[in-house]
Amino acid sequence: MLDEIAAKPNAWNHRHLLDVDDFSPEEFQLVFETADAMREILARPIKKVPALRGQTVVNLFYENSTRTRASFEIAAKNLSAEVLNVTSTASSIAKGESLIDTLKTLEALGANIIVMRHNLSGAPHVAAKYSKASIINAGDGWHAHPTQALLDLYTIRKHKGNLNGLKAAIIGDVRHSRVAHSNIWGMTRLGMKVTVCGPPTLLPYGLDNPGGLFPEVRVETDVEKAVEDADVVMALRLQRERQQSGLLPSVAEYVRRFQVSQERLKRAKSEVLVMHPGPVNEDIELAAESAYGDKSVINEQVQNGVAVRMAVLYLLAGKQGEL
Ligand code: CP
């Protein structure tokens, strides 16, 4: 199956993965098909292929992570790449080294692909401008988290087949969520109908303005209406720092008005998928019984993250000759 994908040289035209806003439906499809091939590898007793032998993947993380960092490390090792982990707290970044200096240092050490998480929106775009290595955005500020969106879309596809026409409700702190932003791009590009819901202070300004980026996205402040008839309900982490900055009256008020509870999920389709990018604040944005109930695919999202990240590394490595 990987041979068939490798035989489509023009199907993938990205040297970096910074967001999915420029993906065509065919490119999403290519990632999904490549991830299917990776899942076959992951089902084998020895989950290792030589696709990235001789390549070095660096996980460069300026912010904490469990899922993204660990799954990129597993994905790169499954493809036989050398893997280096660099964090801002345990490197010369803590001594004041600039992003560009760090990138040049990693390149000098042989980095081919740099998986980068940064607290500043746009930092991976700057890196892509200055770096000879391929840059994968592993989450930048409020802006984008493309591999999370790809694994979310892949998980929906596994359950529902065609995404076209499915209804998704994304609930919570949409304004500050890089996951929501990348998912809105991906879902709408693939024909899903998206409703975003949360307190007005946590919703992006003008998201659904006529002539704006997403005029077809519905903005809702009533969670009961948002989940009505939904195929997918995605809760987002309530970022506690937002409450401290005065954007929410209290966590208790948020729970009362916006928590994805079992009762509220009854309004969605009976086969609804309950999703969350993690980490979950249990019993805040998502009731524990919703997070761990039979409609939850949260653990599948994490598992699919390995196959999808193997797919992304594999596809980007095919562009190494063009660096
Ligand atoms: N979903 C996500 O990005 O999780 P981590 O912060 O644990 O990587």
Side-chain angles (χ1 to χ4, degrees), residues 19-25 27-29 31-32 139 142-239 257-260 264-265 267-278 285-286 290 295-298 300-301 304 308:
D19 199 358
V20 292
D21 54 351
D22 57 350
F23 269 43
S24 64
E27 285 171 322
F28 281 107
Q29 195 57 32
V31 174
F32 300 155
W142 304 355
H143 173 233
H145 194 347
T147 58
Q148 180 69 44
L150 288 169
L151 73 90
D152 292 339
L153 295 165
Y154 182 75
T155 303
I156 299 168
R157 172 183 173 270
K158 284 270 31 100
H159 282 267
K160 305 286 185 191
N162 191 358
L163 277 68
N164 192 34
L166 293 178
K167 289 184 183 171
I170 302 177
I171 297 167
D173 183 358
V174 181
R175 183 184 296 173
H176 303 102
S177 173
R178 53 199 178 203
V179 174
H181 297 148
S182 289
N183 262 303
I184 292 169
W185 279 112
M187 287 176 174
T188 53
R189 187 63 47 86
L190 294 172
M192 291 179 67
K193 297 182 173 70
V194 180
T195 299
V196 298
C197 177
T201 49
L202 298 183
L203 292 175
Y205 299 115
L207 189 74
D208 56 348
N209 277 353
L213 276 181
F214 300 107
E216 73 277 30
V217 169
R218 192 175 128 218
V219 177
E220 185 57 78
T221 52
D222 180 334
V223 72
E224 269 81 20
K225 287 186 188 159
V227 300
E228 194 75 49
D229 210 25
D231 299 282
V232 173
V233 173
M234 180 181 288
L236 300 174
R237 184 171 74 88
L238 184 68
Q239 302 180 23
R257 289 199 50 200
F258 295 101
Q259 185 187 75
V260 176
R264 286 175 171 146
L265 284 172
R267 293 172 175 265
K269 292 221 175 83
S270 58
E271 300 299 314
V272 65
L273 303 179
V274 176
M275 306 185 79
H276 192 300
E285 65 266 10
L286 196 54
S290 305
K295 298 181 191 317
S296 170
V297 293
I298 295 172
E300 279 181 56
Q301 288 173 263
N304 288 334
V308 166

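All values below come from the heavy atoms of this structure, side chains included, with hydrogens, waters and symmetry mates left out. Residue indices begin at 1 and follow the sequence shown.
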Subject >> Backbone of Leu273 reached by a side-chain donor or acceptor of His159 within 3.5 Å >> reply: no
Original post:
Can Lys158 and Glu300 be said to form a salt bridge (charged side-chain N to carboxylate O under 4.0 Å, His left out), step by step?
Top reply: CA-CA 10 Å; Lys158 284 270 31 100; Glu300 279 181 56; over 6 Å; no
Original post:
Could Arg175 and Tyr205 be counted as a cation-pi pair, given that NZ or CZ must be under 6.0 Å from the ring centre and within 45° of the axis?
Top reply: yes
Original post:
Could you go step by step and tell me if Phe23 and Trp185 meet the ring-ring contact (aromatic ring centres under 6.0 Å, His included) rule?
Top reply: CA-CA 9 Å; Phe23 269 43; Trp185 279 112; over 10 Å; no
Subject >> Carboxylate-amine/guanidinium contact Asp231 Lys167, below 4.0 Å >> reply: no
Original post:
Out of curiosity, Lys295 NZ to Met275 CE, how far, rounded to the nearest 0.5 Å?
Top reply: 15.0 Å
Original post:
Should Ile170 and Val232 count as side-chain neighbours, where that means a heavy-atom distance under 4.5 Å?
Top reply: no
**OP:** Any chance you could measure Leu207, atom CG, to Ile184, atom CD1, to the nearest 0.5 Å?
**Re:** 5.0 Å
Original post:
Sub-3.5 Å donor-acceptor pair from the side chain of Lys193 to the main-chain atoms of Thr188, do we have one?
Top reply: no
**OP:** Without swapping roles, check the side chain of Arg157 against the backbone of Asn162 for a donor-acceptor pair under 3.5 Å.
**Re:** no
Original post:
Are the side chain of Gln301 and the backbone N or O of Leu151 linked by a donor-acceptor pair below 3.5 Å?
Top reply: no
Original post:
With the threshold set at 4.0 Å, does a side-chain nitrogen-carboxylate oxygen contact exist between Lys269 and Glu271?
Top reply: no
Subject >> Check: Gln148 side chain, His145 main-chain N or O, donor-acceptor pair, under 3.5 Å >> reply: no
Original post:
Taking Asp173 for the side chain and His176 for the main chain, is one N or O donor matched with an acceptor at less than 3.5 Å?
Top reply: yes
Original post:
Are any non-hydrogen side-chain atoms of Asp19 and Ser182 less than 4.5 angstrom apart?
Top reply: yes
**OP:** Output yes when Glu285 and Arg237 qualify as a salt bridge under the 4.0 Å nitrogen-oxygen rule, no when they do not.
**Re:** no
Subject >> Minimum side-chain heavy-atom gap Val223-Arg264 below 4.5 Å >> reply: yes
Subject >> Atom pair CD/CE of Glu216 and Met192 - distance to nearest 0.5 Å >> reply: 12.5 Å
Original post:
Taking atom CG of Asn183 and atom CG of Asp152, what is their separation to the nearest 0.5 Å?
Top reply: 4.5 Å
Original post:
Parallel under 30°, tilted from 30 to 60°, perpendicular over 60°: which one fits the rings of Tyr154 and Phe32?
Top reply: tilted
